[in-house]
Visitor: 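First, the structure itself, so that you have it in front of you.
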Amino acid sequence: MSFSFSKQEKLKSRKTIELLFQKGNSITQYPLKLYYLPVDKDQEVRVKAAVSVPKRNFKRAADRNRIKRLLREAYRLNKHLIFNNIEGNFAFLILYLGKDLPPYDEVEKSMQGVFKKLVNKF
RNA sequence: CGAUGCGGUGGCCUUAUCGCCCUGUAGUAGUUAAUCACUAUUGGGAGGAAAGUCCGGACACCAAAGUGCAGCAUAGCGGGUAACGCCCGUCAUCCUGACGUUCAUCGUCAGGAGAGGACAAGUGCAACAGAAAGCAAGUACAGGUAAGGCUGUAGUGAAAUCAGGUAAACUCUAUGUGGUGAAACGCCAUGUAAGCCAGUGUUUGAGGGUAGCACGCCCGAGUUGGUGGGUAGGCGGAUAGAACUUAUGGGCAACCAUGGGUCCAGAUAAAUGAUAAGGGCCUGUAUUACAUAUACGGGUUACAGAAUCCGGCUUAUAAACCGCUUCUUGAG
């Protein structure tokens, strides 16, 4: 298991993302919210993931970029927690609900918390 | 010397590990087509404002891009530029100081400001003072008449029947200006299809396109409804340019010419990040001769993230550095 986060692992399909918001389930571990949806189709990787920060909470693009980078970093380093403990293929979308710029270790803790909750559901 | 304010310069560096995007090379795998994905490796990877989207262009399409009106913009003169509402120079005019002769005036020098066409077309607006302020109305005193502000003087004011002032007031004049905006646009693929049914129409023309409006113009054999059937996105545009840098020459300058050198982001649910160490910088405490040095600890920051590309303008901005202004002359 590598710590990479390559193109294949990124959720890029506009349609899947819309479906995720409409039909997906979610887990909240403030300040993170994880949408997840089982995917029937065969795909190259077990989980495709995307991150998002609402423009409403952060007006400046530099801040949104910063948080998205932290989210991706935390996902990349902790995804083994779920890869080793669940079955099936999924689409993920991780949303940042907080209103302040977080430090990295806080983001990592929250990410681990969300993953634990998810694993407990299965 | 310090503090405040304003303007300008400035916009942290190095190494290691784990990652991301693009590119070249080699290899591997695979989907419904295409793009492509993965592994190894070479090279590259945010800004001075990338921002606001306010002007000017390139480029693209809108029917061939036409006429008039409306709208919008600009406003001494000259130059620069692809172009501009930008930049440079300069003059009128105004302000400050010094000198010539004294207060004014005038002249010279130095510094600063300098949106400046027209109020002799029309409309509007105007503090204080004043009886009255722009179709007029008439105060006090004196003169005069049949009778009247009919005449003179006084007084207020920048201005009182006078070509008053004001256009970053409407307006007028001159000049310029078609619109949209990379979600443009071109191409490949595609189930908003094909097929079937009904209405309507084929030059005596259904229907449609065309800039804010009108004129004018153009396309035109299909079109409208029902039935049917549930998918899938991708490529180009798009990064070698009004480019950057350097030397020489021209010009007061903005800038231009010629020669040499360089290749410097290209994503698309959208790359440039995380961690650690060191240096630099800032800062707290302690010791010391409040200069400085040493030790230990903390911080690493401001404004802010390319999205078709250029030229401007405007606005935001931490530390440090440079200049100017101000400070019951704050301290020596």
Side-chain angles (χ1 to χ4, degrees):
Chain A
M1 174 60 63
S2 72
F3 292 112
S4 68
F5 185 45
S6 64
K7 274 188 174 176
Q8 284 188 334
E9 292 180 64
K10 288 175 182 169
L11 178 59
K12 294 193 173 194
S13 167
R14 192 172 284 271
K15 278 189 170 177
T16 310
I17 292 167
E18 280 173 12
L19 209 63
L20 195 57
F21 277 114
Q22 286 169 9
K23 300 187 177 177
N25 298 312
S26 67
I27 294 176
T28 304
Q29 165 76 47
Y30 192 85
L32 298 182
K33 185 170 189 177
L34 172 71
Y35 286 90
Y36 63 96
L37 184 72
V39 180
D40 299 329
K41 270 199 287 183
D42 293 331
Q43 56 186 22
E44 310 84 359
V45 291
R46 300 268 303 282
V47 174
K48 286 196 176 215
V51 297
S52 181
V53 179
K55 200 172 187 178
R56 195 175 351 122
N57 294 344
F58 296 91
K59 288 184 88 176
R60 286 172 304 196
D63 294 339
R64 292 197 298 276
N65 280 345
R66 167 80 185 159
I67 294 168
K68 280 152 77 178
R69 283 166 185 156
L70 294 178
L71 290 176
R72 275 196 290 266
E73 182 73 5
Y75 176 81
R76 172 175 86 77
L77 295 174
N78 292 287
K79 62 181 183 176
H80 61 277
L81 292 174
I82 46 171
F83 271 53
N84 296 335
N85 292 302
I86 60 171
E87 296 293 327
N89 296 333
F90 288 91
F92 281 2
L93 188 131
I94 301 161
L95 198 64
Y96 185 77
L97 300 173
K99 300 217 159 70
D100 304 304
L101 270 174
Y104 174 71
D105 52 350
E106 193 177 292
V107 172
E108 186 162 31
K109 269 186 193 171
S110 303
M111 188 68 70
Q112 288 166 354
V114 166
F115 285 168
K116 273 180 194 166
K117 277 193 175 182
L118 183 69
V119 168
N120 288 339
K121 277 209 165 189
F122 290 95

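Letters A, B, ... mirror the listed sequences (proteins, then strands); counts begin at 1.
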Visitor: Does B:C72 pair with anything, Watson-Crick or G-U wobble, both distances under 3.5 Å, and if so, with which nucleotide?
Guide: B:G176
Visitor: Could you state the CD-P distance from A:Glu108 to B:G19, rounded to the nearest angstrom?
Guide: 15 Å
Visitor: I need the A:Phe92 CZ to A:Leu34 CG distance, nearest 0.5 Å.
Guide: 5.5 Å
Visitor: Given the P atoms of B:G279 and B:G299, what is the spacing between them in whole Å?
Guide: 16 Å
Visitor: Over how many whole Å does the gap from A:Phe5 atom CZ to B:G19 atom C1' extend?
Guide: 11 Å
Visitor: Could you tell me how far apart A:Tyr75 (OH) and B:C20 (C1') are, to the nearest whole angstrom?
Guide: 15 Å
Visitor: Select from A:Asp105 and A:Asp63 the residue whose nearest nucleotide in RNA chain B is closer to the 5' end of that strand.
Guide: A:Asp105
Visitor: Expressed as a whole number of angstroms, how long is the span from A:Leu70:CG to B:U275:P?
Guide: 8 Å
Visitor: Could you check which nucleotide pairs with B:U31 in any of the strands shown, counting Watson-Crick or G-U wobble with both distances under 3.5 Å?
Guide: none
Visitor: Without decimals, in angstroms, what is the distance between A:Lys59 NZ and B:G52 P?
Guide: 11 Å
Visitor: In whole Å, I'd like the distance from the CG atom of A:Leu101 to the C1' atom of B:G305.
Guide: 13 Å
Visitor: Using the C1' atom in both, what is the distance from B:G124 to B:A154, to the nearest Å?
Guide: 35 Å
Visitor: For A:Gln29, give me all partners under side chain to side chain donor-acceptor pair (under 3.5 Å), at least two apart in sequence or on another chain.
Guide: none
Visitor: Using the P atom in both, what is the distance from B:A247 to B:G234, to the nearest Å?
Guide: 50 Å
Visitor: Given B:C38, is OP1 or OP2 found less than 4.0 Å from the side-chain N or O atoms of A:Ser6?
Guide: yes
Visitor: Need the pair for B:A142. Rule: Watson-Crick or G-U wobble, both distances under 3.5 Å, any strand; none if unpaired.
Guide: B:U151
Visitor: Between B:G312 and B:G80, how far apart are the C1' atoms? Round to whole Å, please.
Guide: 14 Å
Visitor: Not counting sequence neighbours, which residues clear side-chain contact (heavy atoms from CB on, under 4.5 Å) with A:Lys10? List them please.
Guide: A:Phe5, A:Lys12
Visitor: Do A:Arg69 and A:Asn65 come close enough that some side-chain heavy atom pair is under 4.5 Å?
Guide: yes
Visitor: Which glycosidic conformation, syn or anti, is assigned to B:G241 if syn requires a torsion within 90° of zero?
Guide: anti
Visitor: List in chain and number order the residues that pass side-chain contact (heavy atoms from CB on, under 4.5 Å) with A:Asp100, two or more places apart in sequence or in another chain; answer none if no residue qualifies.
Guide: none
Visitor: Is the base of B:A46 syn or anti, where syn means the angle lies within 90° of 0?
Guide: syn
Visitor: Both distances below 3.5 Å, Watson-Crick or wobble geometry, any strand: find the nucleotide opposite B:U93.
Guide: B:A113
Visitor: Return the nucleotide paired to B:C281: Watson-Crick means purine N1 to pyrimidine N3 with N6-O4 or O6-N4, wobble means G-U with N1-O2 and O6-N3, both under 3.5 Å.
Guide: B:G299
Visitor: What interatomic distance, in whole Å, is found between P of B:C256 and the corresponding atom of B:A82?
Guide: 7 Å
Visitor: Could you give the distance separating B:A121 and B:A98 at their C1' atoms, to the nearest angstrom?
Guide: 49 Å
Visitor: Could you check how far CZ of A:Phe3 sits from C1' of B:G273, rounded to whole Å?
Guide: 16 Å
Visitor: Give, for atom OG of A:Ser26 and atom CG of A:Leu37, the distance between the pair rounded to the nearest 0.5 Å.
Guide: 12.0 Å
Visitor: B:C18 base to A:Arg76 side chain: any donor-acceptor pair below 3.5 Å?
Guide: yes
Visitor: With a 4.5 Å limit on heavy-atom distance, are the side chains of A:Ile27 and A:Asn25 in contact?
Guide: no
Visitor: Under a 4.5 Å cut-off applied to non-hydrogen side-chain atoms, are A:Leu71 and A:Tyr96 in contact?
Guide: yes
Visitor: Go ahead and name the base partner of B:C244; Watson-Crick or wobble counts if both distances stay under 3.5 Å, otherwise write none.
Guide: B:G261
Visitor: Pairs under 3.5 angstrom only: tabulate donor-acceptor contacts from the side chains of residues 110-122 of chain A to other protein residues two or more places apart or in another chain.
Guide:
unit_1, atom_1, unit_2, atom_2, d
A:Ser110, OG, A:Glu106, O, 3.0
A:Gln112, NE2, A:Asn78, OD1, 3.0
A:Lys117, NZ, A:Thr28, O, 3.1
A:Asn120, ND2, A:Lys116, O, 3.3

Visitor: Glycosidic conformation of B:G48, syn or anti, with 90° from 0 as the boundary?
Guide: syn
Visitor: Could you tell me which nucleotide pairs with B:C327 by Watson-Crick or G-U wobble geometry, both distances under 3.5 Å, or answer none if nothing does?
Guide: B:G2
Visitor: Out of B:C18, B:G305, B:U275, which nucleotide sits closest to the side chain of A:Ala61?
Guide: B:G305
Visitor: Have a look at B:C264 and give me syn or anti from its glycosidic angle (syn if within 90° of zero).
Guide: syn
Visitor: Which residues pass the side chain to side chain donor-acceptor pair (under 3.5 Å) test with A:Asp63, not counting sequence neighbours?
Guide: A:Arg60
Visitor: Tabulated below should be each protein N or O lying under 3.5 Å from an N or O of nucleotides 265-272 of chain B; please produce it.
Guide:
unit_1, atom_1, unit_2, atom_2, d
B:U268, OP1, A:Lys12, NZ, 3.3
B:A269, O2', A:Leu11, O, 2.7
B:A270, OP2, A:Arg72, NH1, 3.4
B:A271, OP1, A:Arg72, NH2, 3.2
B:U272, OP2, A:Arg69, NE, 2.7
B:U272, OP2, A:Arg69, NH2, 3.3

Visitor: Starting at the 5' end of RNA chain B and moving along, which residue's nearest nucleotide shows up first, A:Glu73 or A:Arg60?
Guide: A:Glu73
Visitor: By nearest atom, which of the nucleotides B:A304, B:G19, B:C18 is closest to the A:Ala62 side chain?
Guide: B:A304
Visitor: Quickly work out the A:Leu77 CG to B:G273 P distance and round it to whole Å.
Guide: 16 Å
Visitor: Taking only the P atom of each, what is the distance from B:U15 to B:G44 in whole angstrom?
Guide: 13 Å
Visitor: Look through every strand shown and name the nucleotide pairing with B:A276 as Watson-Crick or G-U wobble, where both distances are under 3.5 Å.
Guide: B:U15
Visitor: How far does the P atom of B:G208 sit from the matching atom of B:U192, given to the nearest Å?
Guide: 25 Å
